[in-house]
Amino acid sequence: VDLVGGYYDAGDNVKFNFPMAFSTTMLAWSVIEFGKFMGPELNNALDAIGWATDYFLKATNTPGFVFAQVGDPFGDHNCWERPEDMDTPRTSFFVSRENPGSEVSAEIAAALAASSIAFKKFKHNVGYSERLLQRAIMVNTIHLFFVTFYLRA
């Protein structure tokens with residue numbers, strides 16, 4: 001699975017999709033509420049949202065699976081190097097019917113939905129907005145059927 005993109009956590013090389021989705025949701029709502037005051041920085045904010053949502057589209061591309069993490073938190077927290085030089089394993093973890101985790105799925109769905117509104121409101125890319133909305137609906141449906149706590153998965 002191609003999970004290139006998105007944002008790393010805490011200055012190291014692990015990606016935790018739950019806090020990344022929360023941050024993306026907050027950034028999208030900030031653009032929705034205050035984008036009209038952002039001037040030329042609006043496009044930068046939308047680009048930052050797009051970097052995350054492009055990644056979330058990849059992380060939710062396999063039906064029935066939502067990738068929740070990339071990297072080993074223990075190994076990666078001890079590895080402080082630029083991503084281009086990292087040689088730690090890129091182990092990925094997912095939630096599914098067998099390994100449920102509704103919180104991470106719900107937050108990714110929220111990030112995709114809020115981002116969809118931001119892109120649509122500012123007519124940045126209406127087709128992309130619709131794609132995000134449809135994926136949010138799909139991911140939200142997955143998490144509704146497999147409700148359990150993420151940490152127990």
Side-chain angles (χ1 to χ4, degrees), residues 1-73 76-77 82-83 90-97 99-153:
V1 175
D2 173 13
L3 295 174
V4 173
Y7 293 101
Y8 292 108
D9 180 71
D12 51 24
N13 297 326
V14 66
K15 295 179 202 177
F16 294 113
N17 293 0
F18 196 10
M20 187 190 325
F22 172 79
S23 299
T24 304
T25 303
M26 293 297 101
L27 181 56
W29 277 113
S30 297
V31 167
I32 293 163
E33 293 293 324
F34 303 107
K36 63 186 172 197
F37 304 112
M38 297 178 81
E41 293 304 317
L42 175 61
N43 284 332
N44 291 331
L46 290 168
D47 286 347
I49 293 168
W51 182 256
T53 54
D54 285 349
Y55 170 77
F56 287 135
L57 288 172
K58 294 176 186 180
T60 59
N61 196 41
T62 305
F65 292 85
V66 174
F67 285 88
Q69 179 179 320
V70 176
D72 172 25
D76 281 330
H77 281 313
R82 42 187 218 145
R90 299 289 79 213
T91 306
S92 58
F93 300 89
F94 59 86
V95 296
S96 66
R97 177 187 295 267
N99 299 297
S102 51
E103 302 100 319
V104 67
S105 299
E107 191 61 51
I108 290 173
L112 292 167
S115 299
S116 171
I117 295 168
F119 283 112
K120 185 175 182 179
K121 181 174 182 174
F122 292 100
K123 298 176 179 49
H124 189 71
N125 187 334
V126 177
Y128 186 67
S129 170
E130 183 60 29
R131 183 173 175 210
L132 295 177
L133 179 59
Q134 292 309 311
R135 186 63 59 85
I137 292 168
M138 183 194 83
V139 172
N140 192 51
T141 302
I142 291 170
H143 101 81
L144 289 175
F145 288 112
F146 311 126
V147 176
T148 193
F149 293 112
Y150 175 51
L151 294 176
R152 293 184 187 163

Whether over 12 other heavy atoms sit under 6.0 Å from Phe22 CZ: no
Nearest heavy atoms of Leu42 and Phe122, plus distance in Å: CD2-CD2, 3.6 Å
Which atom of Ala45 lies closest to which atom of Val31, heavy atoms considered: CB-CG2, 3.6 Å
Verdict with supporting geometry, Asn99 and Phe93, side-chain contact (heavy atoms from CB on, under 4.5 Å): CA-CA 10 Å; Asn99 299 297; Phe93 300 89; over 6 Å; no
Minimum-distance pair of heavy atoms, taken over all atoms of Leu3 and Ala59: CD2-CA, 3.8 Å
Heavy-atom closest contact (Ala113 atom, Ala136 atom, distance): N-CB, 3.7 Å
NZ (Lys121) with more than 12 external heavy atoms under 6.0 Å: yes
From CA spacing to verdict: side-chain contact (heavy atoms from CB on, under 4.5 Å), Val1, Lys58: CA-CA 8 Å; Val1 175; Lys58 294 176 186 180; 5.8 Å; no
Spacing of Ser102 atom OG and Asn140 atom CG [to the nearest 0.5 Å]: 10.5 Å
Minimal non-hydrogen separation, Phe67 against Thr62, with atom names: CE1-OG1, 4.3 Å
Spatial distance of atom CG (Asn17) from atom OH (Tyr7) [nearest 0.5 Å]: 13.0 Å
Atom of Arg90, atom of Gly71 and distance for their closest heavy-atom approach: NH2-CA, 3.8 Å
Backbone N/O of Leu112 and side chain of Ser116: donor-acceptor pair under 3.5 Å: no
Min side-chain heavy-atom separation Ile117-Trp29 under 4.5 Å: yes
Within-4.5 Å side-chain heavy-atom neighbours: Gln69 and Thr91: no
Under 3.5 Å donor-acceptor, Ser129 side chain and Asn125 backbone: no
pair Ile49-Phe119: side-chain heavy atoms closer than 4.5 Å: yes
Student check: side-chain heavy atoms of Thr53 and Tyr128 closer than 4.5 Å: yes
Separation between CG of Asp72 and OG of Ser92, rounded to the nearest 0.5 Å: 12.0 Å
Sub-4.5 Å side-chain heavy-atom contact between Val66 and Val139: yes
Residue pair Met20 / Asp9, side-chain heavy-atom distance below 4.5 Å: no
Leu57 vs Leu132 side-chain heavy atoms within contact, under 4.5 Å: yes
Full working for side-chain contact (heavy atoms from CB on, under 4.5 Å) between Thr24 and Ile108: CA-CA 9 Å; Thr24 304; Ile108 290 173; over 6 Å; no
